[in-house]
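Letters go in sequence order (proteins before strands), and every chain restarts at 1.
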There are 2 protein chains.
Amino acid sequence: MGATKTDLFTKEQNELASMAKAIAHPARIAILQQLMKLNACVCGSLVDELGLAQPTISQHLKELKLAGIIQGTVEGTSVCYCIDPKVWQKYRQFFNDFFVAVNELAREDCC
Amino acid sequence: MGATKTDLFTKEQNELASMAKAIAHPARIAILQQLMKLNACVCGSLVDELGLAQPTISQHLKELKLAGIIQGTVEGTSVCYCIDPKVWQKYRQFFNDFFVAVNELAREDCC
DNA sequence: ATTATTAATCGTAATATTGCAATAAATTAG
DNA sequence: CTAATTTATTGCAATATTACGATTAATAAT
C-alpha cells in the first residue's frame, strides 16, 4: 500500500488528478507565474527568484516538463523554459469542465 | 527536508497549491463527480461505488471536508455528504484566474 | 439492554514527495 | 585543452500520502 490504485479509476479521473498534482506545489505555481509574467522564455534566473536550492528547482522544472506544461530548450550554457500554450489550454479546459458542472445545478435545498 | 517550504511563497500561491492538492487524487475526483452526478446529498453508497476500503474513503472524505469542498451532516446511522457550492465557486474562480493569464498573451515566437 | 449498521479513528506498512549537498554533464570562453 | 558557467543527476534524509485491518463511536432497531 501507499501507492494510488489508479486501476480503480477512469483514464480521465487519473489524468485530471495527475494534472492537479502537477500544480499542487507552491514552487511550481511560482515558477509558472514567473513564466507567465515575463511572457517569454526564462533562461536561468528562476533559481535567484525563488528561495530554493538549484537542484530542488531543477526537479520541479523536470516535473512540469514531464507534465508537458513547460518546454525547455538549450541555449548555450543555460536552458530556456517557457509555457506550452497548447497544453496550458488543455489544462484550462479540463479544470473548467470539471468545475462548471455544479454551477449549472444550484441546489440550495441540500443537507 | 521532505516538507514543503511554505514560508517562501505567497499566501495565494500556497492556497492555490493546497486547492490543487485537494483534488490531486483520482478517488477524490471520483467522489466529487459522484456528488455532482447525483446532485444531492449522498448517504453511504460511496464505499460501494469506488473499489476502496471504507477507512480509505473516509480519509479522502475527511480531506475534502478539511479543504471545505464538501459538507457532511449526520443523518441517522449514516452521514450525508454534498458539495459546498460557495467553496466550489471559489475553486472554479481560482483555477480559472490562474489559467486565463496565458491565454491573453499568445506568444508563438518563443523557444 | 442487545444487536445491527454505518462512519470515524488508530496504528501501521508501503510508497511518494520534497529538499539539498555533492557530483556529473554540457557548453562557452580564453 | 583548461577553466568557468549553468543545469541535470545521484544519493540520501525527512516528511507526507495512500491504503487498510482492527477497533471504536454513534445511532437505530428489536
Engineer: Measuring from Ser78(B):OG to Leu46(B):CG, what's the distance to the nearest 0.5 Å?
Structural biologist: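 One gets 11.0 Å once the value is rounded to the nearest 0.5 Å.
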
Engineer: Could you tell me whether the phosphate oxygens of dA19(D), OP1 or OP2, come under 4.0 Å of any side-chain nitrogen or oxygen in His60(B)?
Structural biologist: yes

Engineer: Using a cut-off of less than 4.0 Å, is there contact between a side-chain N or O of Lys21(B) and OP1 or OP2 of dT17(D)?
Structural biologist: yes

Engineer: Between N or O atoms, less than 3.5 Å apart, protein on one side and nucleotides 20-27 of chain C on the other: list the pairs.
Structural biologist:
{"from": "dC20(C)", "atom 1": "OP1", "to": "Lys5(B)", "atom 2": "NZ", "distance (Å)": "2.6"}
{"from": "dC20(C)", "atom 1": "OP2", "to": "Ala53(A)", "atom 2": "N", "distance (Å)": "3.0"}
{"from": "dC20(C)", "atom 1": "OP2", "to": "Thr56(A)", "atom 2": "OG1", "distance (Å)": "3.0"}

Engineer: When you get a sec, tell me which of dT18(D), dA8(C), dT6(D) is the closest nucleotide to the side chain of Ser78(A)?
Structural biologist: dT6(D)

Engineer: How do Ser58(A) and Thr4(A) order along DNA chain D: which one's closest nucleotide is nearer the 5' end?
Structural biologist: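 It is Ser58(A) whose nearest nucleotide is closer to the 5' end.
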
Engineer: Once you round to the nearest 0.5 Å, how far does CD1 of Ile57(B) lie from CG of Leu50(B)?
Structural biologist: 4.5 Å

Engineer: Name the residue closer to the 5' end of DNA chain D, choosing between Thr6(A) and Lys62(A) according to the nucleotide with the nearest heavy atom.
Structural biologist: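 Counting from the 5' end, the first nearest nucleotide belongs to Lys62(A).
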
Engineer: Please report the distance, rounded to the nearest Å, between CG in Leu64(A) and P in dT18(C).
Structural biologist: 11 Å

Engineer: For Gly2(A) and Gly2(B), take the nucleotide of DNA chain C holding the closest heavy atom to each; which residue's nucleotide lies nearer the 5' end?
Structural biologist: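 With Gly2(A) and Gly2(B) compared, the 5'-side residue is Gly2(A).
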
Engineer: Round to a whole Å and report the spacing from CD of Glu49(A) to P of dT6(D).
Structural biologist: 15 Å

Engineer: Check the distance between dA19(D)'s C1' and Leu8(A)'s CG and give it to me in whole angstrom.
Structural biologist: 11 Å

Engineer: Rounded to whole Å, please give me the gap between CG in Leu66(A) and P in dT18(C).
Structural biologist: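 After rounding, the reported distance stands at 13 Å.
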
Engineer: Evaluate the side-chain contact (heavy atoms from CB on, under 4.5 Å) criterion for residues Thr73(A) and Val79(A): first the C-alpha distance (whole Å), next the side-chain angles of each, then the deciding distance (0.1 Å), finally the verdict.
Structural biologist: CA-CA 6 Å; Thr73(A) 48; Val79(A) 178; 5.9 Å; no

Engineer: Side-chain heavy atoms under 4.5 angstrom apart, residues restricted to Ile, Leu, Val, Met, Phe, Trp, Tyr: same cluster for Leu66(A) and Val87(A)?
Structural biologist: no

Engineer: Expressed as a whole number of angstroms, how long is the span from Arg28(A):CZ to dG19(C):P?
Structural biologist: 9 Å

Engineer: To the nearest angstrom, how far is Ile57(A) atom CD1 from dG19(C) atom P?
Structural biologist: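 After rounding, the reported distance stands at 10 Å.
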
Engineer: Looking at CZ of Arg28(B) and CD of Gln59(B), how far apart are the two atoms once the value is rounded to the nearest 0.5 Å?
Structural biologist: 9.0 Å

Engineer: Between the side chains of Glu15(A) and Lys90(A), is the shortest nitrogen-to-carboxylate-oxygen separation below 4.0 Å, so that they form an ion pair?
Structural biologist: yes

Engineer: Atom CG of Leu61(B) to atom P of dT9(C): distance rounded to whole Å?
Structural biologist: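 Distance check: Leu61(B) CG to dT9(C) P gives 11 Å.
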
Engineer: Counting only heavy atoms not in Lys65(A) (residues, nucleotides, ligands), do more than 12 fall under 6.0 Å from its NZ?
Structural biologist: yes

Engineer: Does a side-chain N or O from Tyr81(A) land closer than 4.0 Å to OP1 or OP2 of dA8(D), or not?
Structural biologist: yes

Engineer: Whole Å only: how far is the CG atom of Asp7(B) from the P atom of dG19(C)?
Structural biologist: 10 Å

